[in-house]
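One structure is given here, and the rest of the page talks about it.
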Amino acid sequence: MKKLSFTRLLKGCCIAFLLFFVFLTQMFYSNGLYKSAIWIDEFYQEHMKESTPSITASMTPDLIEANKTLIKKKITDDAIFIEGGEFTLGPDSCDNYAPTLSRCAPVPVYPVKLTSYSMLKFKITNLDFDTFQADIGKYINPHQDGFDRERWEKIHQHGDLPAIINWTMANNYCQWLGKITNLPIALPTEAQWEFAARDRGKYIGFMTNNNKVEPGVNVSSFKMREAIKDGYFTPVGQFPPSPLGLYDLSGNGLEWVNDWYSRDKPIGEGPFIDPQGPKSGYLDNEGPAKVLRPNQPDADSSGFGVTVHDRTYAAVSASVNSASQYTARCVINSSQRIATHE
């Protein structure tokens, strides 16, 4: 067999390129490329017309107002008053958590003094967040392609699932909630979150009703999460609350707090009064990062990553999709009781 010389190879490539150029020229003058582009666009638009309509866009003004009334009522029904006090944020000694915890997460440890506040017993749900979006006339769907966009919409048809939101979206929601209720509402600080999770700073290891992690009993199991066809979370409030009455602190997604992420404790001796966290945060690959609690979005019987000290981080405008694990709840920064049930 004769070897193909470089000259013959180059000649063949030139002929192929010339033929391709002639083809493109013919397509151009016959409007073939234009017609092809039109056909592709029409196909895409037709596909999008057949897709599931936006939950937010389908909300009428009357429905928006009705939902806002329900959301405002939940403030008086669901706000858990948490009397302030002093505690040590992080594990001052892991022996204090024995035998529940055999090891403690390596996190900053420092004394804190908190003013009384209230925390909402449930996470922000899809219904809550979609009502917020509809009320401000803004719609967020992180997906542009058909399949993932469809899945996102299907998840949001489950109004009682925790909303998948980045820190910016969660912060905007809490600010909106404060505006429509005329209350000082925000995301919790990390100190507020842990103080509440530990039943006002007690030495407990897990944020459950009995200081244990029991999948299918007090946190969701893998089979339960798998049964939600369009999502990974389970409806809020399905399992027993913490001793303070807070639901889903572990096993149903990570929760945003207001603090920038840092591995260092504040400078000074303390106690630090109502600490707001560092002035700037660790730079994630998507930008400056805020703290998420705990470290793992779901819980198994080992309790790995879901202790009262576990934490992680993500950028404030982190990318979100139907598989993201970011959730949130709000606090009311008032030393007065808000809820009528208390």
Side-chain angles (χ1 to χ4, degrees), residues 82 84-92 104-120 123-124 132 140 163-179 183-198 200-201 207 249 253-297 305 307-320 324-335:
I82 301 170
E86 294 191 37
F87 81 117
T88 299
L89 181 71
D92 48 357
C104 291
V107 298
V109 178
Y110 52 94
V112 168
K113 184 176 181 179
L114 290 177
T115 304
S116 299
Y117 60 101
S118 294
M119 178 176 277
L120 296 188
K123 296 173 184 281
I124 301 165
F132 153 64
I140 298 171
I164 299 172
I165 45 183
N166 62 29
W167 184 91
T168 301
M169 296 156 74
N171 184 57
N172 289 343
Y173 173 85
C174 291
Q175 288 183 349
W176 169 81
L177 189 58
K179 184 177 179 181
L183 290 169
I185 297 178
L187 286 170
T189 63
E190 185 167 23
Q192 287 176 325
W193 195 95
E194 185 170 317
F195 188 65
R198 285 171 50 188
R200 298 189 64 252
M207 302 85 73
L249 286 170
L254 306 173
E255 291 194 11
W256 291 107
V257 298
N258 210 32
D259 300 38
W260 292 107
Y261 178 82
S262 173
R263 296 185 178 93
D264 302 321
K265 68 177 185 179
I267 298 173
E269 295 300 319
F272 298 93
I273 299 173
D274 297 324
Q276 301 298 304
K279 292 183 179 179
S280 59
Y282 172 81
L283 284 176
D284 180 60
N285 59 359
E286 291 187 293
K290 293 277 188 174
V291 176
L292 285 156
R293 301 293 299 263
N295 180 265
Q296 294 295 319
T307 73
V308 291
H309 308 123
D310 283 309
R311 67 206 291 256
T312 186
Y313 61 88
V316 292
S317 297
S319 302
V320 292
S324 297
Q325 308 294 337
Y326 311 137
T327 70
R329 74 181 72 220
C330 306
V331 295
I332 305 165
N333 288 311
S334 170
S335 59

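Numbering starts at 1 and runs along the sequence shown.
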Where do M169 and I164 come nearest, in terms of heavy atoms and distance?
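Heavy atoms of M169 and I164 come nearest at CE-O, 4.1 Å.
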If you look at every heavy atom in P188 and V331, which pair is closest and at what distance?
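Heavy atoms of P188 and V331 come nearest at CB-CG1, 3.4 Å.
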Any side-chain to backbone donor/acceptor pair from [X] onto [Y]? Under 3.5 Å, distance only.
X: S324; Y: Y326; result: no
X: N166; Y: A318; result: yes
X: R200; Y: G84; result: yes
X: E255; Y: G253; result: no
X: T327; Y: L254; result: yes

Any heavy-atom pair between the side chains of [Y] and [X] that's under 4.5 Å?
X: T307; Y: P294; answer: no
X: R329; Y: L249; answer: yes
X: L292; Y: W256; answer: yes
X: R293; Y: V257; answer: yes
X: I124; Y: C330; answer: yes
X: R198; Y: H309; answer: yes
X: N333; Y: D274; answer: no
X: V109; Y: K265; answer: no

All side chain to side chain contact (heavy atoms under 4.5 Å, CB included) counterparts of [X], not counting sequence neighbours:
X: S335; result: T115, S116
X: N171; result: W167, Q175, L187, N258
X: A191; result: V112, L114, T189, P275

Ring pair (Phe, Tyr, Trp, His ring centres under 6.0 Å) involving W260 - partner list, sequence neighbours excluded
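Applying ring pair (Phe, Tyr, Trp, His ring centres under 6.0 Å) to W260 gives none.
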Residues that F132 engages under ring pair (Phe, Tyr, Trp, His ring centres under 6.0 Å), provided they are two or more places apart:
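Here the qualifying residues are F129, Y173, W176.
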Cut-off 3.5 Å, no hydrogens considered: what does the side-chain donor-acceptor table look like for residues 277-284, sequence neighbours left out?
unit_1: D284; atom_1: OD2; unit_2: E286; atom_2: N; d: 3.3

In terms of the angle between their ring planes, are Y117 and F195 parallel, tilted or perpendicular, with boundaries placed at 30° and 60°?
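Rings of Y117 and F195: tilted, as their planes differ by 30° to 60°.
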